[in-house]
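Below: the structure, in structure tokens.
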Amino acid sequence: MSVFSRRSLLRAAAASALALPLGGLLPSPRRAYAAPSGGARRVIFFYFPDGVAGPAADGSPSLWHMQGPERGFSLNEQLQGLGTFKDDCVFLNGLSSGPTDTGSHPGGAKKLLTAVDGGNGESIDQYLARTTGSSTLFRHVYLGAMANYNSASGDKHISYPSAGVSATPEDSPMKAFERLFGKTNPSGGGGGGSMPDPIATSVLDTTRKDLEELSARLGSVEKKKLDLHMDALREVERRVKGIPGMTPPPKATCSDPRIDTSGLTDTSLYDPGLFPKILRAQMDLMVQAMACGLTQVGVLQCSMHTSELIMSRFPGTEMYDAHFDMRSHQASHYGPSHDPGKREFHDYVLQRRWFVAQVAYLLEQLKARPEGDGNMLDYSLVLVCSEISDGNTHSHDNMPFL
């Protein structure tokens with residue numbers, strides 16, 4: 001496969017103006033099918049931090065990039081969550097971000113969507129918002145999940161309206177909902193609604209008094225562990241279908257928009273245990289805003305480069321560990337080899353798998369909404385990206401774009 005630059009990719013996407021994305025640059029589709037008429041009507045940029053388990057320093061093969069024939073490959077370990085969407089994706093090998101600032105997280109973030117060293121240019125999302133997307137009410141929607149942690153700014157953000165000046169994403173789903181739809185979200189969160197949590201009456205509530213008495217007798221460390229354990233159990237219960245008394249919330253519509261922000265407040269936005277729920281709310285909000293024609297261009301930023309996000313706090317996930325804090329950036333420095341027996345590498349792979357599962361959820365939400373002679377996914381372009389390739393080497397070659 002020939003090596004082409006990220007700049008060539010972004011120029012091709014920009015030139016398409018959302019009409020025929022990537023046309024003429026990439027190989028012909030792997031399969032023939034009756035595509036809906038017209039081209040892409042919207043674009044979403046989905047960013048996750050700290051790269052992937054790519055080719056290791058000792059020569060271990062990438063656990064992200066495709067191996068084998070163009071039409072007969074299998075998804076690598078970190079990408080298996082996209083199995084349902086394999087034929088909807090273009091998996092890129094050999095994409096270079098350029099030699100400048102290679103080995104640097106900030107340098108990679110600055111070049112990521114600008115295709116210009118040092119972020120000294122307008123990013124592709126802002127260009128599309130300024131041109132094709134300018135006729136919508138909100139020409140650009142930039143949503144984050146813990147993307148402003150510790151008052152982050154500058155090169156921690158990936159969207160550049162002008163050379164060297166990055167925009168700031170909105171980390172609060174509640175504030176973003178109110179801005180987009182002009183009213184308070186009716187599904188709760190931040191004091192913004194009376195709609196009951198669909199799991200307000202659960203088997204856990206029947207033991208609430210006993211749990212409160214137990215918690216009162218525990219020290220601070222043990223109490224925190226109990227709280228995390230109960231959060232994990234409640235998250236698992238939320239996912240169980242068909243439990244008696246579990247009434248699903250009303251379906252959101254453009255005349256009655258809503259997202260699930262129950263349990264979220266603006267003061268809890270940087271609790272790592274709530275990160276999955278915050279990101280889910282932001283993805284739901286992005287899809288809903290696009291379905292209602294409010295915007296055509298959106299960016300979803302998961303945390304930031306060199307992320308201190310404690311992903312072992314995510315309840316109900318395979319990463320969850322009440323006794324050990326594993327951060328994204330910490331795990332990315334897993335060492336020179338893909339050693340499954342090393343805690344950092346093991347957790348790093350799980351973390352990347354989790355981010356890919358979130359991409360799959362986003363695609364599912366687009367596919368679930370009818371549009372034209374197909375569904376929203378048929379008319380959407382989603383670019384998944386990170387600022388570096390392999391997390392341990394910080395390489396800017398063979399970038400993990402799809």
Side-chain angles (χ1 to χ4, degrees), residues 1-6 8-10 12-13 16 20-36 40 43-48 50-97 108 112 318 332 334 337-340 345-346 348-364 366-367 374-375 377-378 380-393 395-402:
M1 176 178 290
S2 61
V3 176
F4 52 91
S5 71
R6 182 198 67 268
S8 298
L9 175 69
L10 297 184
S16 72
L20 292 173
L22 308 183
L25 174 67
L26 300 173
S28 57
R30 291 185 297 276
R31 62 186 175 93
Y33 60 96
V43 61
I44 299 174
F45 297 84
F46 184 101
Y47 164 84
F48 65 93
D50 303 326
V52 300
D58 69 348
S60 300
S62 173
L63 297 183
W64 177 278
H65 301 92
M66 296 302 108
Q67 307 293 325
E70 181 181 346
R71 292 176 174 80
F73 61 84
S74 298
L75 295 183
N76 275 330
E77 186 172 352
Q78 294 168 104
L79 286 166
Q80 288 176 358
L82 287 174
T84 304
F85 296 99
K86 178 182 175 183
D87 290 334
D88 296 299
C89 296
V90 176
F91 301 91
L92 301 174
N93 286 4
L95 180 66
S96 173
S97 190
L112 186 64
E318 56 184 351
S332 73
Y334 59 81
S337 65
H338 293 169
D339 181 0
F345 178 72
H346 173 266
Y348 187 55
V349 171
L350 294 184
Q351 291 175 1
R352 307 307 103 178
R353 285 165 57 95
W354 186 85
F355 280 124
V356 168
Q358 308 319 299
V359 174
Y361 174 82
L362 175 63
L363 301 184
E364 287 169 358
L366 291 168
K367 194 168 186 176
N375 56 69
L377 183 59
D378 294 324
S380 301
L381 173 64
V382 179
L383 176 66
V384 181
C385 55
S386 191
E387 81 280 1
I388 56 174
S389 179
D390 180 78
N392 187 63
T393 64
S395 170
H396 291 184
D397 293 328
N398 218 2
M399 294 294 287
F401 279 34
L402 63 88

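For the single chain, residues carry numbers from 1 onward in sequence order. Computed from heavy atoms alone, side chains included, the values below leave out hydrogens, waters and symmetry copies.
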Review point. Under 30°, 30 to 60°, or over 60°: which ring-plane class applies to F345 and H338, parallel, tilted or perpendicular?
Key: parallel
Which pair of heavy atoms, one from [X] and one from [Y], lies closest together, and at what distance?
X    : Y    : answer
S389 : P400 : CA-CD, 3.6 Å
G81  : A360 : O-CB, 3.5 Å
A56  : S337 : CB-CA, 4.1 Å

Within the structure provided, determine whether [X] and [Y] are in side-chain contact (heavy-atom separation under 4.5 Å).
X    : Y    : value
Q80  : V356 : no
Y334 : V349 : no
E387 : D50  : yes
F85  : K367 : yes
N93  : N398 : yes
L402 : F46  : no

First locate atom [atom1] of [X], then atom [atom2] of [Y], and finally report the distance between them rounded to the nearest 0.5 Å.
X    : Y    : atom1 : atom2 : value
L63  : D390 : CG    : CG    : 9.5 Å
L363 : L82  : CG    : CG    : 6.5 Å
N76  : H65  : CG    : NE2   : 9.5 Å
S386 : F48  : OG    : CZ    : 4.5 Å
Y348 : S332 : OH    : OG    : 5.5 Å
L377 : L362 : CG    : CG    : 8.5 Å

Check your understanding: Taking it one step at a time, do M66 and L75 satisfy side-chain contact (heavy atoms from CB on, under 4.5 Å)?
Key -> CA-CA 7 Å; M66 296 302 108; L75 295 183; 4.2 Å; yes
Review point. Is the backbone N or O of G51 less than 3.5 Å from a side-chain atom of R352, with the two atoms forming a donor-acceptor pair by type?
Key: yes
Practice item. Go through the side-chain N and O atoms of S60 and D58 and say whether any donor and acceptor fall under 3.5 Å apart. Key: yes
